[in-house]
Amino acid sequence: QVQLVESGGGSVQAGGSLRLACAVSGNTASHYSYCMGWFRQVSGKEREGIAAIYTSGDYTYYADSVKGRFIISRDSAKNTLYLQMNSLSPEDSALYYCAAVSRWCEAGWDSPADYNDWGQGTQVTVSS
C-alpha cells in the first residue's frame with residue numbers, strides 16, 4: 001500500500017497548460033513495480049481513466065480524449081508521478097486523481113476498480 005498526494009491543480013484559460021504532480025510515499029513504494037494512473041471526475045459522472053504508466057519500463061497508456069495533449073511521466077528519484085496537460089479546454093475541467101496498484105497495467109488500466117490506492121484529488125478548472 002502507498003500513500004498518494006496530488007498537487008498542481010488550479011484555474012487556467014482554454015489553450016493553456018498545467019502540470020499535476022502526485023507524490024508517492026509508503027514503505028512499499030520502492031519495493032514493487034506499480035501501474036500508476038491518472039483519473040478525472042466531473043460531479044455526477046463516472047470517474048474516467050485518462051493515462052497510466054507502468055513503473056518498470058515506463059510503458060504508457062492514454063485515453064483517446066487526451067492522447068496527443070497530455071503526457072504522463074514519473075521521476076523515480078523523487079517518487080513523483082506527473083501529468084503534463086497541454087491545450088486544455090473547458091471539457092478538461094474536473095477533479096483529477098492519481099491511483100496505484102502493484103501490478104502490470106493490464107487491459108483495465110482505465111478502470112477505477114483495478115486500483116487499490118488513491119489520492120484525495122486536485123481540482124482543474126479551464127475557462128473559455
According to a 4.5 Å side-chain heavy-atom criterion applied to Ile, Leu, Val, Met, Phe, Trp and Tyr, with indirect links allowed, do Phe39 and Tyr61 form part of one hydrophobic cluster?
yes

Looking only at heavy atoms, the pair that brings Gln41 and Lys45 closest together is NE2-O, 3.0 Å

Any donor and acceptor pair, going by atom type alone, linking the side chain of Glu6 with main-chain N or O of Leu20 inside 3.5 Å?
no

Under a 4.5 Å side-chain heavy-atom rule over Ile, Leu, Val, Met, Phe, Trp and Tyr, are Leu95 and Met85 clustered together?
no

Expected output: side-chain Gln120 to main-chain Val5 donor-acceptor under 3.5 Å
no

After noting the C-alpha distance and the side-chain angles of Gln84 and Ser17, does the key distance pass the side chain to side chain contact (heavy atoms under 4.5 Å, CB included) rule?
CA-CA 7 Å; Gln84 177 67 43; Ser17 299; 3.9 Å; yes

Regarding Ser65 and Glu48, is there a side-chain donor-to-acceptor distance under 3.5 Å anywhere?
yes

Quick one, Arg74 with Thr55, criterion side chain to side chain contact (heavy atoms under 4.5 Å, CB included). Give me CA distance, side-chain angles, the key distance, then yes/no.
CA-CA 8 Å; Arg74 67 185 189 94; Thr55 60; 3.9 Å; yes

To the nearest 0.5 Å, atom SG of Cys98 lies from atom CD1 of Ile53 at 13.0 Å

Determine whether Met36 and Val24 satisfy the following criterion, side chain to side chain contact (heavy atoms under 4.5 Å, CB included), listing intermediate values before the conclusion.
CA-CA 10 Å; Met36 301 200 68; Val24 183; 3.5 Å; yes

Are Tyr62 and Val101 joined in one hydrophobic group, where the rule is that I, L, V, M, F, W and Y side chains link up if heavy atoms are under 4.5 Å apart?
no

Is it the case that the side chain of Ser89 and the backbone of Ala14 share a donor-acceptor pair, with hydrogens and angles ignored and the cut-off at 3.5 Å?
no

Give a yes or no answer on whether the side chain of Thr122 reaches the backbone of Gly9 with a donor-acceptor pair at less than 3.5 Å.
yes

Any side-chain heavy atom of Thr125 within less than 4.5 Å of one from Val12?
no

Working to the nearest 0.5 angstrom, can you tell me the gap between Ser111 OG and Arg47 CZ?
11.5 Å

Using a 3.5 Å cut-off and no angle test, enumerate the donor-acceptor pairs between side-chain atoms of residues 112-119 and protein atoms at least two apart in sequence or in another chain.
unit_1, atom_1, unit_2, atom_2, d
Asp114, OD2, Arg103, NH2, 3.0
Tyr115, OH, Trp109, O, 2.6
Asp117, OD2, Val2, N, 3.3

Walk me through whether Leu83 and Ile50 qualify under side chain to side chain contact (heavy atoms under 4.5 Å, CB included).
CA-CA 10 Å; Leu83 185 68; Ile50 56 174; 3.8 Å; yes

Under the ring-ring contact (aromatic ring centres under 6.0 Å, His included) rule, what pairs show up with a residue in residues 66-97, not counting sequence neighbours?
none

What are the two closest heavy atoms between Thr80 and Ala23, and how far apart are they?
OG1-CA, 4.3 Å

Check the hydrophobic clustering (I, L, V, M, F, W, Y; side-chain heavy atoms under 4.5 Å; chains of links allowed) and say if Tyr54 and Leu81 are grouped together.
no

Are the side chain of Arg69 and the backbone of Ser87 linked by a donor-acceptor contact shorter than 3.5 Å?
yes

Are Arg40 and Val66 close enough that some pair of their side-chain heavy atoms sits under 4.5 Å apart?
yes

Can you confirm whether Val124 sits close enough to Val126 that some side-chain heavy atom of one is under 4.5 Å from a side-chain heavy atom of the other?
yes

Of all heavy-atom pairs linking Leu4 and Cys22, the shortest is CB-SG, 3.8 Å

Answer yes or no: is there a donor N or O on one side and an acceptor on the other, between the side chain of Ser102 and the main chain of Tyr34, under 3.5 Å?
no

